[in-house]
Amino acid sequence: MIRQDIRNIAIIAHVDHGKTTLVDQMLRQGGVFRLNQQVADRVMDSNDLERERGITILAKNTAVHYKDMKINVVDTPGHADFSGEVERVLKMVDGVLLLVDSFEGPMPQTRFVLRKALDLKLPVLLVINKVDRPDARCDEVVDELLDLLIDLNADPETLSRPILYVSARKGTATTDPAVPGENLIPLFEAIIDYIPAPEGEMNGPAQVLISTIDYSEYVGRVGVGRIARGVLRTGMNVVRCNALNETVTSPWRLVDLNTFDGLKRVPAAEVGMGDICAMSGLADISIGDTVCDPGTVEPLPFVAIGEPTVSMTFSVNDSPFAGREGTYVTSRHLRARLLRELETDVSLRVTEGDSPDQFDVRGRGELHLSILIENMRRQGYEFQVSRPVVIQKEIDGVMCEPIERLHVDVPQAHAGAVIEKIGRRRGTLETMHGADRVRLEFLVPSRGLFGYRSEFLTDTRGEGIMSAVFERYEPVKGEIPHRNAGALVCFETGEASQYGLYGAQERGTLFLTAQTQVYAGMIAGQSTRPGDIVVNVCRTKHVTNVRNASGAEDSLRLVSVHYPTLEECLEFIDDDELLEVTPQNLRMRKRILAHEQRAKNTSRKKA
């Protein structure tokens, strides 16, 4: 049976190409909002971190109505570190909208998500976004997109489908770039015409593959998936099975059943084949499980998620300031939180570390793990993390490391500096084209990109754009320098003074200001030269019987204070350093706090 009243689509694209903005306009023109209703921009980015950073982190479901058709839409992340979200939600849909910026064209994540969609034999509808940009180059981008499709062995039907030219900000679409669009009707019509309707047995035994997990304070864990066969009804008995571990649970009652309509979940007595639903009632339901009729237990295969490439050590905070600011500070709390994250993040791996209070956490990239760290600190957790390291593995007796495909878009004047820096980091230049702005494509080891983003912004004066996605494993390239400068390390525990910081700022860039509590071994700044320098930022001016002029301390101005972000801290710390994470502060520190012990260890290594 074919359900002609439903279409299931996912919107996939590189980061910042306009997916969430397009979903906003689809909701508006699909009648989800009232005409006078005030709605925030990027309404699908409901997470605080998503709104602050302007990126989508979690895939989300919504639905719009056009004529007599219900269109289930999945808004997916665009950043490569969250590609695991994209891989699993593709099992819920029957086709994808591939969104491409009219200026930037196909980027690394565009290639990655398009390859995944083509591997699953999903129809692809090509959409060129931001056609109202003054610097739009639609014809060139279309040629680049068609070259990409040919390179990925797309079928002739994909190449023959019409290309839509969209302005997500204005909410217009057209199939002819010479004729401006007026609304999104051409997009809705193309979805109906070129995205196939769901097909399956409507009267067979129920079968649902769980692709996303949500959580509700009222009903607990909520599984979201597409009904592959049959009909689900509230109150019916079902079983949970899994194709990977071949487990089958005893029957349980389907307590709650909902479908998606706009931004709401609507309770439903029954949901049929082809629709996307959310269900609750089983406490330990997880991603990749199949919920089916007890009489016909048939687990559905789940897409293989790419392996993590970056590892960090999470451990209990053991600094002199431990336990002052966090609510959850013990290894028991840390273990429970990390294991809970595994239930919703299929790209994450967590194993026990070298000691009971350490955990090895593996993810898709620095951003993937930094988002987890930021979420945990906002929830009241206090812990410390090590420097990110790449995960190497042995292939045919040769130790290999992850290689990333790096795309760089920079003004011509800065291209030389970028090529030089990437060359030092063992990267190789693949392609280079462009005039005023040059587009460079490199293959570079993942560890070569650690700490490079801040250098890149400095070298290009903030005008450059860079993005990378995992390509493959290759033999280890050799030594790559992490950072050329050392750290300014605090000499004693106390309160940083204006007088002490004024004397230390000549040695480098400070990371803190006066009246900040510090401890011996804590990093107060970055040195201007290689090697660490111990500085006494708590030093105060000697008291004399000579009357000083009023406000003499105010003349000691700090001119080079920089407050590093979480990502900058992770980029900065070295192998012998840790990042202390609390709900209120980020403190970089040495693993060994005592200066004498640290000096002895350094001399032993040199010997």
Side-chain angles (χ1 to χ4, degrees), residues 47-49 57-58 81-82 84-85 88 210 212-217 220-223 240 242 244-245 247 249 282-289 305 307-391 566 569-570 573 575 577-589 591:
N47 185 294
D48 289 342
L49 274 178
I57 297 172
L58 302 171
D81 285 17
F82 307 109
E85 291 275 319
R88 58 185 171 83
I210 302 300
T212 306
I213 291 294
D214 201 354
Y215 184 81
S216 167
E217 295 180 358
R221 293 171 64 78
V222 179
R240 176 178 63 85
N242 193 299
L244 295 178
N245 53 29
T247 58
T249 63
L282 184 64
D284 57 349
I285 192 169
S286 61
I287 294 169
D289 287 346
I305 302 297
E307 290 296 315
T309 58
V310 176
S311 171
M312 292 174 65
T313 299
F314 284 50
S315 57
V316 173
N317 186 16
D318 60 359
S319 80
F321 293 170
R324 291 189 180 186
E325 300 168 3
T327 306
Y328 308 105
V329 298
T330 65
S331 60
R332 177 176 61 86
H333 290 131
L334 189 57
R335 178 186 288 104
R337 177 63 181 84
L338 291 173
L339 294 180
R340 192 162 71 246
E341 187 70 20
L342 286 177
E343 297 174 352
T344 57
D345 192 341
V346 293
S347 302
L348 200 70
R349 304 285 187 275
V350 178
T351 57
E352 297 288 339
D354 297 334
S355 64
D357 59 354
Q358 288 186 350
F359 304 91
D360 180 43
V361 182
R362 302 185 173 198
R364 283 290 185 92
E366 279 184 291
L367 182 63
H368 184 197
L369 296 177
S370 71
I371 291 294
L372 170 62
I373 293 170
E374 183 64 34
N375 279 325
M376 289 176 64
R377 71 181 290 230
R378 293 188 181 200
Q379 294 163 5
Y381 288 84
E382 180 179 315
F383 53 99
Q384 58 191 16
V385 297
S386 68
R387 175 194 172 197
V389 295
V390 298
I391 301 171
L566 174 59
C569 290
L570 294 176
I573 58 176
D575 292 332
E577 296 163 356
L578 295 171
L579 173 62
E580 179 185 350
V581 180
T582 75
Q584 299 176 24
N585 291 290
L586 297 170
R587 302 185 186 97
M588 290 177 282
R589 49 160 287 190
R591 285 182 183 268

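Keep in mind that this is a model prediction, so the values were computed, not measured.
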Check: T582 main-chain N/O paired with R377 side-chain donor or acceptor under 3.5 Å: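 It does hold such a pair.
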Backbone of S386 reached by a side-chain donor or acceptor of T313 within 3.5 Å: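 Not at all, since once roles are kept as given, no pair shorter than 3.5 Å links the two residues.
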Heavy-atom pair of closest approach, residues [X] and [Y]:
{"X": "R349", "Y": "P308", "result": "CG-CG, 3.5 Å"}
{"X": "V329", "Y": "G326", "result": "CG1-O, 3.9 Å"}
{"X": "R591", "Y": "R589", "result": "O-NH2, 3.0 Å"}
{"X": "M312", "Y": "P388", "result": "CG-CA, 3.6 Å"}
{"X": "S370", "Y": "L570", "result": "CB-CD1, 3.9 Å"}

Any side-chain heavy-atom pair of [X] and [Y] under 4.5 Å:
{"X": "E325", "Y": "N585", "answer": "yes"}
{"X": "L338", "Y": "F383", "answer": "no"}
{"X": "L579", "Y": "L566", "answer": "yes"}
{"X": "L369", "Y": "L348", "answer": "yes"}
{"X": "V350", "Y": "E341", "answer": "no"}

Could you tell me the separation between the [atom1] atom of [X] and the [atom2] atom of [Y], rounded to the nearest 0.5 Å?
{"X": "R337", "Y": "Q379", "atom1": "CZ", "atom2": "CD", "value": "4.0 Å"}
{"X": "E580", "Y": "I573", "atom1": "CD", "atom2": "CD1", "value": "12.0 Å"}
{"X": "D360", "Y": "D354", "atom1": "CG", "atom2": "CG", "value": "8.5 Å"}
{"X": "N375", "Y": "I371", "atom1": "CG", "atom2": "CD1", "value": "6.5 Å"}
{"X": "R362", "Y": "S311", "atom1": "CZ", "atom2": "OG", "value": "5.0 Å"}
{"X": "I373", "Y": "H368", "atom1": "CD1", "atom2": "NE2", "value": "11.0 Å"}

Mutual orientation of the aromatic rings belonging to H333 and Y328 [parallel < 30°, tilted 30-60°, perpendicular > 60°]: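 Rings of H333 and Y328: perpendicular, over 60°.
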More than 12 heavy atoms from other groups under 6.0 Å of CZ on R332: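 Incorrect, the count does not exceed 12.
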F321 atom CZ, over 12 foreign heavy atoms within 6.0 Å: yes
Contacts of E577 that satisfy salt bridge (charged side-chain N to carboxylate O under 4.0 Å, His left out) - sequence neighbours left out: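 E577 satisfies salt bridge (charged side-chain N to carboxylate O under 4.0 Å, His left out) with R483, K590 only.
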Residues which pass salt bridge (charged side-chain N to carboxylate O under 4.0 Å, His left out) with R387, listed by chain and number, not counting sequence neighbours: D574, D575
Side chain to side chain contact (heavy atoms under 4.5 Å, CB included) assessment of V385 paired with L578: CA-CA 6 Å; V385 297; L578 295 171; over 6 Å; no
With sequence neighbours excluded, residues passing ring pair (Phe, Tyr, Trp, His ring centres under 6.0 Å) with F359: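 Ring pair (Phe, Tyr, Trp, His ring centres under 6.0 Å) check on F359 returns nothing, list empty.
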Residue among R324, R587, E382 satisfying side chain to side chain donor-acceptor pair (under 3.5 Å) with N317: E382
